[in-house]
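Heads up: the structure comes next, in structure tokens.
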Amino acid sequence: MKVFKFGGASVKDAAGVKNVQNVLEKTGNGPKVIVISAMGKTTNALEIVIKDYLFEKEIPKSLEAVEETHFDILNELFEDTKASVFNKVNTLFTELKNFLQHNKSEQYDFVYDQVICYGELVSTTIVSEYLNSQNVNTNWVDAREFIKTDSVYRDAGVNWEETQEAIQRNLNLNKINITQGFIGSDPNNFTTTLGREGSDYTAAIFAYCLNAENVTIWKDVPGVLNADPRVFKDPELLQHISYEEAIELAFYGASVIHPKTLQPLQQKEIPLFVKPFLKPESEGTKVGKGALIFPEIPCFIVKNDLVLISLSTLDFSFMVEENISEIFRLFHQYQMKVDLIQNSAISFSVCVDNKFNQLEKLIQHLKARFKVSFVPGVSLFTIRHFNDEAIASLEENKEILLKQLTHNTLQIVTRN
């Protein structure tokens, strides 16, 4: 059994959907699990729908554009407008509207998960129905029936025992199974999500539970590059990365592989391939056992829109274990992801991701015990396997607020 994952860029339009068929033809149409994300920028568009809905308390007009985009794609893929797929997609949007009409909750994270999932549900329905129309027989399955989680909306934790039992008991291993990335369900059968970019993680979950031969993530890049081509010039392809190195790169913010994806694959030594969906015959990048990285070149990573927080005790006493444990307790309470730590005898600096927009509450809480200063909107640059030339190029023309150097990793925080 193999597991494929196609991201939103892979299926952003009718041509992308047709290319899924091309990839399957060139790689073999045998039984597999295919995990598919929402089409193009649908998740971003649905986030606007959620924001408008919570403000207006009614079905927002911004949902119309999401519908139109998907029906435009359907009209390109299917000549017969009476094909059953049109009714299936319309039914999904009707379900979404019914939720918006009858929902009583104003909890953002809960509403987010109940709405955002329709991007994946619609995209997988379209891809599955198109492949079936081209005589590539697929089995559409609802990931929420297999991926069982807790009730932490927008960042759910997987219940591995229940998930493995559901996948091994109910998934048809003789079919091409099309399912959604990113989503699961909690004990009350409400939809949960695994965090943004969680479709890679979904692929790894299925692979782990099925003892898959390998996982392939199909991207709009040649493979894993040593730098984001949108930020850095002339990035190079990494042909091989060890699990350990890939986890390090993901932890520091490399966007090609989701941070949680690699751990279940490493446990069972399931190889991961990252390949370009327009050139499925290319080698791409392999993540697996072996040398840390090949070729061994500096790897550049950037994370934007972070917050640099600097703390010291009110009485200038030492920053000891009791103080630091209290700080991290508050970070956990306010759902702050810590990306960088630096401390001295009387000060403590940390770079955090305020993804849940609870910075103001955190700062007020910290001020009760510490002297606090903070700088929002900073960027965190990381170089793995740095050399002098790489450091010089990265630091040029930047206002550096914090710098940290370890054996093979350099990190700097800069003001934008």
Side-chain angles (χ1 to χ4, degrees), residues 8 11 17 34-75 77-78 81-133 138-149 151 153-154 156 166 170 177-194 196 198-199 202:
V11 292
V17 175
I34 302 177
V35 176
I36 297 176
S37 301
M39 292 177 155
K41 300 296 183 180
T42 298
T43 299
N44 293 339
L46 286 173
E47 286 178 341
I48 295 172
V49 170
I50 294 164
K51 182 180 178 181
D52 293 346
Y53 165 72
L54 290 173
F55 178 75
E56 299 170 8
K57 310 301 182 188
E58 61 183 26
I59 298 175
K61 291 187 176 180
S62 50
L63 181 57
E64 294 177 3
V66 179
E67 282 191 88
E68 289 175 5
T69 297
H70 288 86
F71 278 100
D72 285 345
I73 292 173
L74 279 175
N75 286 321
L77 291 172
F78 297 90
T81 57
K82 294 183 179 180
S84 62
V85 64
F86 285 86
N87 184 57
K88 290 180 179 180
V89 171
N90 186 63
T91 298
L92 288 170
F93 279 111
T94 300
E95 286 179 9
L96 172 53
K97 292 172 187 175
N98 285 337
F99 168 78
L100 295 174
Q101 285 179 323
H102 298 102
N103 167 60
K104 302 298 182 183
S105 175
E106 294 187 2
Q107 181 189 351
Y108 178 84
D109 291 351
F110 172 77
V111 174
Y112 183 97
D113 282 4
Q114 310 320 303
V115 173
I116 214 76
C117 63
Y118 282 90
E120 275 71 20
L121 293 170
V122 171
S123 69
T124 51
T125 298
I126 292 173
V127 174
S128 178
E129 291 293 316
Y130 175 75
L131 291 174
N132 288 339
S133 73
T138 67
N139 181 40
W140 184 93
V141 296
D142 191 332
R144 296 172 296 184
E145 297 178 3
F146 296 92
I147 308 295
K148 300 301 179 180
T149 74
S151 297
Y153 300 108
R154 291 185 66 203
N170 298 323
N177 295 283
I178 305 284
T179 195
Q180 307 77 36
F182 181 53
I183 67 174
S185 64
D186 70 6
N188 295 312
N189 286 325
F190 288 115
T191 302
T192 56
T193 61
L194 306 177
R196 283 296 300 266
S199 294
T202 299

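No hydrogens, no waters, no symmetry mates; every other heavy atom, side chains included, goes into these values.
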Decide yes or no for [X] and [Y]: does some side-chain heavy atom of the first lie under 4.5 Å from some side-chain heavy atom of the second?
X: Thr81; Y: Asn75; result: yes
X: Thr43; Y: Glu120; result: yes
X: Ile126; Y: His70; result: yes
X: Gln114; Y: Ser105; result: no
X: Val85; Y: Tyr130; result: no
X: Val17; Y: Met39; result: yes

Distance flag, aromatic centroids of Tyr112 and Tyr153, threshold under 6.0 Å: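 No, they do not, as the ring centres are separated by 6.0 Å or more.
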Quick one: closest heavy-atom pair of [X] and [Y], and the distance?
X: Ala45; Y: Val66; value: CB-CG2, 3.8 Å
X: Val11; Y: Ser37; value: CG2-O, 4.1 Å
X: Ile183; Y: Leu121; value: CD1-CD2, 4.3 Å
X: Tyr108; Y: Leu54; value: CD1-CD1, 3.4 Å
X: Ser185; Y: Lys148; value: OG-NZ, 3.2 Å

Any side-chain donor-acceptor pair under 3.5 Å between Asp113 and Thr191? no
Any donor-acceptor pair under 3.5 Å linking the side-chain atoms of Asn132 with those of Thr138?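 Yes, Asn132 and Thr138 have a side-chain donor paired with an acceptor closer than 3.5 Å.
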With side-chain contact (heavy atoms from CB on, under 4.5 Å) as the test, pick out the partner of Thr125 among Leu92, Ile36, Thr91.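 The side-chain contact (heavy atoms from CB on, under 4.5 Å) with Thr125 is passed solely by Leu92 among Leu92, Ile36, Thr91.
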Measure the spacing between [atom1] of [X] and [atom2] of [Y] and express it to the nearest 0.5 Å.
X: Glu145; Y: Thr179; atom1: CD; atom2: OG1; result: 9.0 Å
X: Leu63; Y: Ile50; atom1: CG; atom2: CD1; result: 10.5 Å
X: Asp142; Y: Ile147; atom1: CG; atom2: CD1; result: 10.5 Å
X: Lys57; Y: Asn103; atom1: NZ; atom2: CG; result: 9.0 Å
X: Asn90; Y: Glu67; atom1: CG; atom2: CD; result: 7.0 Å
X: Asp52; Y: Ser62; atom1: CG; atom2: OG; result: 4.0 Å

List in chain and number order the residues that pass side chain to side chain donor-acceptor pair (under 3.5 Å) with Thr124, two or more places apart in sequence or in another chain; answer none if no residue qualifies.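 Expected list: Trp140, Gln180.
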How about [X]: does its [atom1] atom have over 12 heavy atoms from other parts shown lying under 6.0 Å from it?
X: Phe86; atom1: CZ; answer: yes
X: Gln101; atom1: CD; answer: yes
X: Lys61; atom1: NZ; answer: no

Could you go step by step and tell me if Phe182 and Ile116 meet the side-chain contact (heavy atoms from CB on, under 4.5 Å) rule? CA-CA 10 Å; Phe182 181 53; Ile116 214 76; 3.6 Å; yes
Between Thr192 and the options Thr149, Asp186, Asp109, the side chain to side chain donor-acceptor pair (under 3.5 Å) test singles out Thr149
Phe190 backbone acceptor or donor facing Asn188 side chain under 3.5 Å: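 Pair absent, no side-chain N/O of Asn188 close to backbone of Phe190.
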So, does Tyr53 use its side chain to make a donor-acceptor pair with the main chain of Leu100 at under 3.5 Å?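 Checking the backbone N and O of Leu100 against the side chain of Tyr53, a donor-acceptor pair under 3.5 Å is found.
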